[in-house]
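Presented below is the structure to which this report refers.
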Amino acid sequence: MNPLPTIDDVLSAARQIKPYAIHTPLIESAVLNERVGARVFVKAEIFQRTGSFKFRGAYNAISRLNAADWPGGVVACSSGNHAQGVAEAARLCGLKAVIVMPADAPRLKIARTKGGGAEVVLYDREREDRNAIALALCSEKRAAFVPPFDHPMVMAGQGTTGLEIISQMGAEADQLEAVLVPTSGGGLAAGVGLAVKHHRPQCEVYCVEPEGFNDYGRSLATGAREKNAKPSGSICDALLVGEPGEKTFAVNRGQLSGGLAVSDAEAMQAMAFAFYELKLVLEPGGAVGLAALLSGKYKPRGGAIAVIASGGNVDPALFARAIDA
């Protein structure tokens with residue numbers, strides 16, 4: 001396996017996941033277009049299997065494993081969306097799954113991961129190293145580790161989101177000036193960047209993160225992988241990692257145009273806009289791309305913009321706060 005994915009890997013992933021992955025809709029809204037002064041296409045990954053884009057990469061990686069080599073199945077670590085994607089992919093492939101999740105993850109995500117048939121091991125994200133726990137479990141169970149982002153087949157699977165955007169836009173893809181990608185470890189941004197730039201090299205791809213946890217944006221600015229000062233403290237739980245992935249950064253530093261950061265309040269406002277105007281339910285981390293556009297952090301320059309609405313697994317109480325505000 002090559003250490004870094006290529007466009008050929010993304011194209012292969014599209015064929016690999018086709019039997020099970022959902023071809024999610026690309027939505028255009030006159031209200032949103034008027035609000036930002038540009039044509040905007042929202043890629044609704046909330047309708048993907050398990051409620052986020054994560055199923056794409058998880059299934060692409062897990063379905064390629066030889067089950068006989070891994071009697072203990074697979075192990076992953078995640079705050080929730082990768083967890084659910086791995087649980088579902090493992091179920092479809094007839095493998096056991098153990099997921100290492102932070103104890104402060106939304107209860108809905110923990111419950112849905114267990115409901116998908118996976119065993120959940122909780123850890124303290126302030127004091128414990130999730131990767132160390134996961135790797136110890138792999139050794140104990142003779143299981144394969146499926147990273148949430150820093151894996152070529154995971155990145156390639158996520159990149160199928162970008163392939164679909166280009167295909168769904170058709171001739172209008174020639175007008176695409178930018179794609180805004182919610183980003184934690186950078187797997188989605190890496191895959192989408194490979195796909196989009198293969199078809200439209202001049203299109204810019206931006207990672208979008210929560211303020212105070214914009215390690216990717218800072219890393220792109222300095223050219224080296226930067227760390228966040230703390231492991232938690234934003235409502236965007238899906239986007240909280242310590243630093244960019246080693247492999248994802250090797251891909252992204254050459255193809256991303258920069259990083260954007262939005263506040264928790266801006267993410268909540270985007271959640272409310274998506275609900276009232278687009279009729280979409282987004283979790284905070286899944287709404288940051290839309291938030292960057294609505295808040296003016298990204299200013300359109302005359303072309304079309306694609307925004308990835310990456311996930312909709314939101315705690316009901318938090319969602320109620322967002323739409324009530």
Side-chain angles (χ1 to χ4, degrees), residues 1-27 41 43-70 73-74 76 78 81-82 84-95 97 116 144-173 176 179 181 185-201 203 205 245 247-248 250-252 255 306 308-311:
M1 182 187 300
N2 293 328
L4 300 179
T6 66
I7 184 59
D8 288 338
D9 293 316
V10 180
L11 295 170
S12 173
R15 295 188 294 270
Q16 186 79 4
I17 72 174
K18 186 176 180 179
Y20 294 108
I22 294 168
H23 199 276
T24 55
L26 190 68
I27 297 169
F41 296 86
K43 183 61 168 166
E45 281 297 287
I46 59 172
F47 296 119
Q48 187 51 260
R49 209 163 179 139
T50 72
S52 88
F53 73 95
K54 287 288 191 177
F55 174 77
R56 296 173 182 269
Y59 186 80
N60 188 47
I62 292 171
S63 64
R64 296 174 188 269
L65 295 174
N66 183 344
D69 293 338
W70 307 104
V74 297
S78 165
N81 287 336
H82 181 60
Q84 294 171 73
V86 167
E88 177 68 356
R91 184 187 70 79
L92 291 169
C93 295
L95 295 171
F145 182 48
V146 183
F149 46 83
D150 221 23
H151 186 287
M153 292 300 100
V154 171
M155 285 184 264
Q158 319 305 27
T160 61
T161 311
L163 290 180
E164 289 179 17
I165 290 173
I166 296 297
S167 173
Q168 288 166 304
M169 288 186 70
E172 292 169 328
L176 190 62
V179 182
V181 187
L188 179 61
V192 167
L194 284 170
V196 169
K197 285 190 166 292
H198 174 72
H199 291 282
R200 196 175 191 286
C203 178
V205 181
K247 294 181 177 67
T248 68
V251 175
N252 284 327
Q255 69 182 14
I308 298 178
S310 56

From CD (Gln158) to CD1 (Ile17), nearest 0.5 Å: 8.5 Å
For Gly311, is there any backbone N or O sitting under 3.5 Å from a side-chain donor or acceptor partner on Asn81? no
With the side chain counted from C-beta on, respond yes when Lys247 and Leu4 share a heavy-atom pair under 4.5 Å apart, and no when they do not. yes
Donor-acceptor pair between Gln168 and Lys43 side chains, under 3.5 angstrom: yes
Looking only at atom types and distance, does a side-chain atom of Arg56 sit under 3.5 Å from a main-chain N or O of Ala21, one as donor and one as acceptor? no
NZ/NE/NH1/NH2 to OD/OE distance under 4.0 Å, Lys54 and Glu88: no
On a heavy-atom basis, the closest approach of Val154 and Pro148 is CG1-O, 3.7 Å
Is there a donor-acceptor pair closer than 3.5 Å between any side-chain N or O of Arg91 and the backbone N or O of Gly116? no
Just by distance, with hydrogens left out, do Thr24 and Glu45 show a side-chain donor and acceptor under 3.5 Å apart? yes
How about Gln255 and Val205: do any of their side-chain heavy atoms sit closer than 4.5 Å? no
Output for pair (Leu188 CG, Asn252 CG), nearest 0.5 Å, gives 9.5 Å
Do Ile308 and Phe53 come within less than 4.5 Å of each other through their side chains, counting heavy atoms only? no
Can you find a side-chain donor-acceptor pair between Arg64 and Asn60 that sits under 3.5 Å? yes
Given side chains that start at C-beta, do those of Met155 and Thr248 come closer than 4.5 Å, heavy atoms only? yes
Quick one: are Ser78 and Val86 in side-chain contact, heavy atoms under 4.5 Å? no
Value rounded to 0.5 Å, distance of OH in Tyr59 from SG in Cys93: 4.5 Å
Taking C-beta and beyond as the side chain, do Val196 and Ile165 meet within less than 4.5 Å on heavy atoms? no
Once rounded to the nearest 0.5 Å, what's the spacing between atom CD of Gln16 and atom CG of Asp9? 11.5 Å
Are any side-chain N or O atoms of His82 and backbone N or O atoms of Pro147, one a donor and one an acceptor, separated by less than 3.5 Å? yes
Going by distance alone, is a donor N or O of one side chain under 3.5 Å from an acceptor N or O of the other, for Gln84 and Ser52? no
Give me the atom names and distance for the closest heavy-atom approach of Val10 to Ala195. CG1-CB, 4.3 Å
Rounded to the nearest 0.5 Å, what's the gap from CG on Leu194 to CG on Asp8? Could you check? 10.5 Å
Return the minimal non-hydrogen interatomic distance between Ala90 and Val74, and the atom names on each side. CB-CG2, 4.0 Å
Report the distance from atom CD of Glu172 to atom CD1 of Ile166, rounding to the nearest 0.5 Å. 11.5 Å
